[in-house]
Amino acid sequence: LVSLDLLVVLLGGATVLLPVFAVDLLSAGPGGLGLLRAAPGIGAILVSLWIAVHPLDGAVGRKMFAASLVYGVTTLCLGVSETFLMALVSLVLLGAADSVGAVIRATLLQVETPATMRGRVAAVNALVVGSANQLGDVEATLVASWLGVRQAVVLGGIGVIAICAIWRRLFPALYRQ
């Protein structure tokens with residue numbers, strides 16, 4: 001569960017590249033950058049409010065994998081977006097998917113972790129949550145410097161999709177939660 005989160009955020013991290021998207025690729029300027037940076041938060045807020053009213057009952061493993069897959073697909077869509085609107089919508093959906101995954105991960109970690117392991121699991125989870133975005137930023141900028149910005153984001157989206165497929169095979173019990 002924690003490794004899925006780590007790899008999805010590590011490979012799918014693209015927010016550090018948003019200034020290049022806003023200014024160089026989409027000609028949206030500083031105001032556009034502000035909207036692009038806010039878009040994942042808007043998606044997360046909207047979905048969190050939805051979940052607060054309509055709990056995610058049953059098949060949460062499938063929903064978590066679906067949310068991670070959507071995260072990958074929306075990252076890929078951001079990478080190929082030629083318009084500001086497509087980039088904005090991709091980022092709103094990315095934030096929504098991330099929020100669904102975060103809610104499910106937080107719940108499963110509390111419910112499924114044996115009492116004797118909760119502290120250690122919580123520590124590892126805190127380490128991942130606290131560092132994955134920054135590590136993803138490093139990965140994204142390195143790959144962008146080697147391949148280009150769009151290529152780095154597209155490759156990250158493909159990587160997330162591949163991780164979802166591999167983790168589903170490696171951890172079928174998690175998928176069946």
Side-chain angles (χ1 to χ4, degrees), residues 1-18 37-79 90-143 152-153 155-177:
L1 186 62
V2 174
S3 63
L4 177 65
D5 181 36
L6 172 65
L7 292 171
V8 165
V9 173
L10 180 69
L11 296 174
T15 56
V16 71
L17 301 173
L18 289 180
R37 290 284 293 139
I42 292 167
I45 288 168
L46 293 173
V47 165
S48 294
L49 292 172
W50 175 265
I51 292 172
V53 176
H54 303 38
L56 298 172
D57 294 328
V60 291
R62 288 183 182 90
K63 290 173 183 168
M64 185 190 61
F65 274 95
S68 296
L69 188 61
V70 169
Y71 190 95
V73 170
T74 56
T75 300
L76 180 64
C77 289
L78 172 65
S90 296
L91 288 164
V92 168
L93 294 174
L94 181 143
D98 190 35
S99 185
V100 170
V103 167
I104 293 171
R105 280 188 301 275
T107 304
L108 285 179
L109 283 174
Q110 291 176 15
V111 172
E112 296 297 323
T113 303
T116 58
M117 297 289 292
R118 281 197 193 116
R120 287 174 275 196
V121 171
V124 170
N125 188 56
L127 177 69
V128 167
V129 169
S131 64
N133 287 327
Q134 291 76 18
L135 293 173
D137 288 350
V138 171
E139 179 271 335
T141 54
L142 287 175
V143 176
V153 176
L155 188 60
I158 292 168
V160 170
I161 294 166
I163 288 299
C164 290
I166 293 166
W167 257 234
R168 187 189 179 295
R169 282 196 75 117
L170 288 176
F171 305 103
L174 181 58
Y175 181 77
R176 291 189 303 266
Q177 282 287 328

Measure the spacing between [atom1] of [X] and [atom2] of [Y] and express it to the nearest 0.5 Å.
X	Y	atom1	atom2	answer
Leu11	Leu135	CG	CG	11.0 Å
Ile104	Gln177	CD1	CD	10.5 Å
Leu91	Thr75	CG	OG1	8.5 Å
Leu46	Leu93	CG	CG	10.5 Å
Asp137	Leu10	CG	CG	10.0 Å
Ile161	Ser68	CD1	OG	11.5 Å

Nearest heavy-atom neighbours spanning [X] and [Y]:
X	Y	value
Arg168	Tyr175	NH2-CE2, 3.1 Å
Ala14	Val153	CB-CG2, 4.0 Å
Ala152	Leu17	CB-CD1, 4.5 Å
Ala97	Tyr71	CB-N, 3.8 Å
Gly13	Ala140	O-CB, 3.2 Å
Thr74	Ser90	CB-O, 3.5 Å

Are Leu94 and Leu78 packed together at the side-chain level, in the sense that at least one heavy-atom pair is separated by less than 4.5 angstrom? no

By side-chain hydrogen bond (donor to acceptor under 3.5 Å, both in side chains), which residues pair with Thr15, not counting sequence neighbours? none

Under the side-chain hydrogen bond (donor to acceptor under 3.5 Å, both in side chains) rule, collect the residues that match up with Thr141, sequence neighbours excluded. none

Listing request: all side-chain hydrogen bond (donor to acceptor under 3.5 Å, both in side chains) pairs with a residue in residues 100-118, at least two apart in sequence or in separate chains. Asp5-Arg105

side-chain contact (heavy atoms from CB on, under 4.5 Å) partner of Asn125, chosen from Leu6, Val2, Leu1: Val2

Run the side chain to side chain contact (heavy atoms under 4.5 Å, CB included) check on Leu7 and Trp167 step by step: do they pass? CA-CA 10 Å; Leu7 292 171; Trp167 257 234; 3.4 Å; yes

